[in-house]
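Data block below; observations after.
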Protein chains: 2
Amino acid sequence: MEDGKGAPNPCDRVSSEGPKVREVLDRVGDKWSLLIIGTLQHGPRRFGELRQAIGGISQRMLTLNLRHLERDGLVTRSVYAEVPPRVEYELTRLGRTLLEPVFALAAWATANYSEIEANRRTFDAR
Amino acid sequence: MEDGKGAPNPCDRVSSEGPKVREVLDRVGDKWSLLIIGTLQHGPRRFGELRQAIGGISQRMLTLNLRHLERDGLVTRSVYAEVPPRVEYELTRLGRTLLEPVFALAAWATANYSEIEANRRTFDAR
DNA sequence: CGGAATCCGATGCGATACTG
DNA sequence: CAGTATCGCATCGGATTCCG
């Protein structure tokens, strides 16, 4: 806004285009979506594989989250008419592009986790 | 994990270090924290300024979120004993480093928002 | 002005049971 | 195996009221 030129400054997007950012965080910011996306990064996975790889997720939430990701075009759902049935989930091109900023956030998280923990202990001790 | 070297691969951090990433998303992934951080990027702001700049946030949630951010050491809270009282919030060094990955996510959001919207319409129309 | 306290509805999420 | 349906709890978040 204090930028004379018309060049889009990503530093102002968080506040100026808040709704869009929030829309993305509503998808990615919940308890499981990011873990699902991270588990799918290496290639297609079956429902049960995802469940086992993630660990601790109920089948209900796994189903719901996969539906949401599918709706937004971040993953594809492929059903194979076999017995027993087999369903595979895979990241779309759009989903794979999301991996980049997500990894950036993950890197920040692992790098600064201990400092945050220390801050919390200090704050709680007051 | 399939990386022979000891070099940390950020691409595996989402799934392997899920808890830490989730911890960060629990702070940043809620409805307002990111907007608050984005609004604070230009410098210190008073409580009322934040409220007005963000728009639509209740004072309850603004207070709560600011406390959480303060607890994690992402913002500082400075109280000036005046009448009427003045309280200023400012990003810490740690908070400013968080801006980078957040901007990356914001850039992705603005770049791909329309595609996501289109995907949703297609999905909902089935 | 900045914030704490309370009430309340909406949503997230897990546990369980059932189905093609 | 991969869901769907239903329940019940916990948390999120808004509106309102009171306080220093």
Side-chain angles (χ1 to χ4, degrees), chain A residues 18-19 21-37 39-40 44-72 75-90 120 123-124 126, chain B residues 18-19 21-37 39-40 44-72 75-90 120 123-124 126:
Chain A
V21 179
R22 282 256 71 263
E23 198 97 12
V24 173
L25 259 88
D26 281 338
R27 172 65 33 251
V28 140
D30 62 21
K31 192 173 179 182
W32 298 109
S33 292
L34 221 58
L35 279 308
I36 295 173
I37 292 174
T39 307
L40 285 175
R45 290 286 183 272
R46 298 182 56 168
F47 185 89
E49 289 178 325
L50 280 172
R51 185 162 182 198
Q52 187 177 1
I54 293 171
I57 187 173
S58 62
Q59 73 255 72
R60 170 188 152 82
M61 290 317 295
L62 182 53
T63 301
L64 271 179
N65 280 306
L66 285 170
R67 287 288 178 283
H68 291 154
L69 293 170
E70 185 192 3
R71 183 170 106 103
D72 288 0
V75 307
T76 56
R77 178 175 182 266
S78 306
V79 184
Y80 300 91
E82 304 171 354
V83 179
R86 179 166 58 103
V87 181
E88 285 192 345
Y89 295 89
E90 187 172 11
R120 287 181 183 175
F123 185 90
D124 294 343
R126 311 168 310 157
Chain B
V21 179
R22 283 254 69 264
E23 199 96 12
V24 173
L25 259 88
D26 281 338
R27 174 66 32 251
V28 140
D30 61 23
K31 192 173 180 181
W32 298 110
S33 293
L34 221 58
L35 279 307
I36 295 173
I37 292 173
T39 306
L40 285 175
R45 290 286 183 272
R46 297 183 56 168
F47 186 90
E49 288 178 325
L50 280 172
R51 186 165 178 188
Q52 187 177 2
I54 293 171
I57 188 173
S58 61
Q59 74 254 73
R60 169 187 151 81
M61 291 316 295
L62 183 53
T63 302
L64 271 179
N65 279 308
L66 285 169
R67 285 292 177 282
H68 291 152
L69 293 171
E70 185 192 4
R71 183 170 104 104
D72 287 0
V75 308
T76 55
R77 178 174 182 267
S78 306
V79 185
Y80 300 91
E82 306 170 352
V83 180
R86 178 166 58 102
V87 182
E88 284 192 345
Y89 295 91
E90 186 172 12
R120 286 182 183 175
F123 185 91
D124 294 344
R126 311 168 310 157

What is the separation between atom [atom1] on [X] and atom [atom2] on [N], rounded to the nearest whole Å?
X       : N      : atom1 : atom2 : value
B:Leu25 : D:dC12 : CG    : C1'   : 16 Å
A:Asp30 : D:dC12 : CG    : P     : 14 Å
B:Leu64 : D:dG14 : CG    : P     : 10 Å
B:Arg27 : D:dT11 : CZ    : P     : 14 Å

Determine whether [X] and [Y] make a side-chain contact, defined as any pair of heavy atoms from C-beta on separated by less than 4.5 Å.
X       : Y       : result
A:Glu90 : A:Val75 : no
B:Ile37 : B:Val28 : yes
B:Leu25 : B:Asp30 : no

Inset, instruction - Mind jotting down which residue pairs meet the side chain to side chain donor-acceptor pair (under 3.5 Å) criterion with at least one end in residues 57-66 of chain B? Sequence neighbours excluded, please. - result: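 Of all non-adjacent pairs touching residues 57-66 of chain B, those that pass side chain to side chain donor-acceptor pair (under 3.5 Å) are B:Ser33-B:Asn65.
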Inset, instruction - Compute the angle between the rotation axes at the two ends of the helix from C:dC1-D:dG20 to C:dG20-D:dC1, each taken over five pairs, rounded to 10 degrees. - result: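 Both end axes considered, the difference amounts to 40°.
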Inset, instruction - Classify the side-chain pair B:Tyr89/B:Arg77 by whether it contains a donor and acceptor separated by less than 3.5 Å. - result: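 The criterion, which ignores hydrogens and geometry beyond distance, is satisfied for B:Arg77 and B:Tyr89.
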Legend entry - side chain to side chain donor-acceptor pair (under 3.5 Å) partners of B:Arg51, counting only residues at least two apart: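 Partners of B:Arg51 by the side chain to side chain donor-acceptor pair (under 3.5 Å) criterion come out as none, since no residue qualifies.
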Inset, instruction - Give the first and the last nucleotide of DNA chain C, reading 5' to 3', that has any atom under 4.0 Å from a heavy atom of chain B. - result: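 The contacted stretch runs from C:dC1 to C:dT6.
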Legend entry - Heavy atoms from other residues, nucleotides or ligands near CD of B:Gln52 exceed 12 (cutoff 6.0 Å):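 12 or below, so no.
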Inset, instruction - State the CG-CG distance between A:Leu40 and A:Leu50, to the nearest 0.5 angstrom. - result: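 Answer for the CG-CG pair, A:Leu40 versus A:Leu50, is 5.0 Å.
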Please write out each protein N/O paired with an N/O of nucleotides 2-8 of chain D under 3.5 Å, distance rounded to 0.1 Å.
unit_1, atom_1, unit_2, atom_2, d
D:dA2, OP1, A:Arg46, NE, 2.9
D:dA2, OP1, A:Arg46, NH2, 3.2
D:dA2, OP2, A:Gly48, N, 2.7
D:dG3, OP1, A:Arg67, NH2, 3.4
D:dG3, OP1, A:Arg77, NE, 3.2
D:dG3, OP1, A:Arg77, NH2, 2.5
D:dG3, OP2, A:Tyr89, OH, 2.6

Inset, instruction - Could you list the residues that satisfy salt bridge (Lys or Arg N to Asp or Glu O under 4.0 Å) with B:Glu70, not counting sequence neighbours? - result: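 Counting only residues at least two positions away or on another chain, B:Glu70 forms no salt bridge (Lys or Arg N to Asp or Glu O under 4.0 Å).
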Legend entry - B:Tyr80 six-ring face occupied by B:Arg86 cation (under 6.0 Å, within 45°):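 Yes - B:Arg86 lies over the ring of B:Tyr80, closer than 6.0 Å to its centre and within 45° of its axis.
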